[in-house]
Amino acid sequence: MELVCPAGSFPALRAAVDHGADAVYIGFRDGTNARNFPGLNFDEMEARRGIRYARDRGARVFLALNIYPQPAGWKRATRALHLAADIGVDAVILADPGLLRYAARPHPELRLHLSVQASATNRQAIAFYRERFGIRRVVLPRVLALNQVQQVVAATDVEVEVFAFGSLCVMVEGRCALSSYVTGESPNTCGVCSPAHAVRWEETSQGRQSRLNGVLIDRYRPGESAGYPTLCKGRYQVDEQIFHAIEEPISLNALPILPQLLRMGVAALKVEGRQRGPAYVAQVTRVLRAAIDACKTNPTGFSARADWIATLDRVSEGQTHTLGALHRPWQ
Amino acid sequence: MAAKLALAPIPYFWPKEQICGFYEQVASWPVEIVYLGETICAKRRALSFEQWLEIAQQLAQTGKEVVLSTLALLEAGSDIAMLNRICSNRQFAVEANDMAATQLLARGTPFVSGPHINVYNEETLALLAEEGAYRWVAPIELSGATISHLHARRPAGLETEIYVFGRLPLAFSARCFTARAHNVAKDQCAFRCADYPDGLPLWTQEQHRLFTINGVQLQSGLPCNLLDKVRDLVSIGVEVLRISPQSQGTEQILGIFRAVLDGKIDGDAQAILSPWAPQGYCNGFWNGDAGMVWR
């Protein structure tokens, strides 16, 4: 079970590799991936440097190319694909069926991973992508219960990667247009969710308020800690009640169930957060490396150490964690 | 004008009697294509598969094109088993809303690529045509310009269907937001969604009607309305216009779109439509804006 860590920059990549990541995933700075944020990602030179740094230390580099290119962006996407093959990434992470179809022709040797953005939640969808395009790995959307993950692993011969830590999409990835409904930009269309340029903070007599393209997302009492106004984590009114009607700000943390994931044959654990800095990447990688190693050494006696959980909570959205869909109560 | 009207599957959880009564009326409504079945939540089983087939047969006998729609989010083994039953029916075409359906339909079996299959470029259209799609429903967040571009370059034999009226399907989750609003677990939901035949409104703290909660789905707060674009759509040869059912006024809404298609109505079509969506509309996606915008 390998550890796959995020890198939005060369220092983050170095932090991941130095702290024990088996693989690092990056994106190009051309708007072709789901973390299309200002100041983030790699140009060709940095990507080559990153691959060299990782390889010299026994780690692999995956390239996320997981937007859904529209006609105007098609050339940019295929250019990114050729560049990925040219600089020798160990795999490309794709979501768009058209791009998957295209990729297999000029680069039959290129290892394809199916992005979480492809919304493949079941064995038949995975079989479609394997039979048509020869995908070697699938990243599962964060909507499956543990027993459902197990059924998928048992029923497919492609490697299964699951999210183990990080901010949590409550929606099926790749099928969420909440952000484009409110801001005009979504993960599928622009590689962003609740984009920073649409955010506005206000101090009012009713408290601090966050807005996204003018829409009130949340209102905070004095002294209450305010989070980034991601659309699905706002406080809204439903049936006269004001609450986190969609989801609370909270992070996924699968540490408590590492032995089960290992036993069922999950191939890789993924850490979310290419938008986060090197310090986050270093801390999370270090804890997950220690936990995976401890789990492999003694799966039956494994328990998530309190200091690991505390370290992860400190860097978590909402400073708290959940097993998300992996445990039944959440569903 | 030669575009057909299609009635999308009922997105909400209506009781069996309401569903059956609705489709008895549909038989006489001015709509050529009817999509049937549960696409939102596998737990909702107001009708058995056999009962859906009965409705399908009755509608087919009145000359409607009937398409069996399928779930957008497939999680459990039982979801796949049901999907398999639908895909192996030998009578009716299937609307695929997940690649699992495409996989289960033997290659070459005619199917409709539904709104939840992400078709954003020509290469994907070509793939789906190869797999046997005879129609694609454009994803709701694409702009009119992009849809028109793809429509103009679609493979031969592939029809284009555009979502022209109804609350937009924006997102799906493993969680049930209706259950959450009632502070009960999804496992103990007791089908609270049955209390909301048009979904549960979600407002911002300033009473902006933002979303509609429909079990595990979030829809737009206001319906999308492309009535003003119908003539443009027909002029570029779009084959099918999709209207999503609501508990009241579906017949009238279909009637207004039909009248516009037939050129039997002029400038005040919007005024006739407005009582059926008193809170207003959105059409931002079509114009390349934020989807919630209306202009």
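Just the heavy atoms: all of them, side chains too, but no hydrogens, waters or symmetry mates, feed the values below. Numbered from 1 within each chain, the chains take letters A, B, ... in sequence-line order.
Both the backbone and the side chain of Asn118(B) come within less than 4.5 Å of a heavy atom of chain A. Using a 4.5 Å cut-off between heavy atoms, Cys282(B) contacts chain A through its side chain alone, with no backbone atom that close. Proximity to chain A (any heavy atom under 4.5 Å) is shown, for Leu202(B), by both the backbone and the side chain. In this structure, chain B has heavy atoms under 4.5 Å from both the backbone and the side chain of Ser180(A).
Comment: Glu130(B) does not engage Arg132(A) in a salt bridge, judged by the lack of any side-chain N to carboxylate O separation of less than 4.0 angstrom.
No side-chain heavy atom of Gln124(A) sits under 4.5 Å from any side-chain heavy atom of Leu83(B). The closest side-chain heavy-atom distance from Asp218(A) to Gln205(B) is below 4.5 Å. Looking at heavy atoms from C-beta onward, His208(B) lies out of side-chain contact with Leu216(A) at the 4.5 angstrom threshold.
Among Ser220(B), Pro201(B), Gly284(B), the residue making the largest number of heavy-atom pairs under 4.5 Å with chain A is Ser220(B).
Within residues 144-156 of chain B, the residues approaching chain A closer than 4.5 Å by heavy atoms are, in numerical order, Thr146(B), His149(B), Leu150(B).
Evaluation of the ring pair (Phe, Tyr, Trp, His ring centres under 6.0 Å) rule for His107(A) yields His82(A) as partners, not counting sequence neighbours.
Side-chain N/O atoms of Tyr196(B) and Asp239(A) include a donor and acceptor closer than 3.5 Å.
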Would Tyr120(B) and Asn188(A) satisfy side-chain hydrogen bond (donor to acceptor under 3.5 Å, both in side chains), going step by step from the backbone distance to the final call? CA-CA 9 Å; Tyr120(B) 284 70; Asn188(A) 285 5; 3.3 Å; yes
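Heavy atoms only, all atoms of each residue included: Val170(A) and Ser173(B) are closest at O-OG, 2.6 Å. Summarising the geometry of Glu206(B) relative to Gly214(A), their closest heavy-atom pair is OE1-O, 4.5 Å, with the distance given to 0.1 Å.
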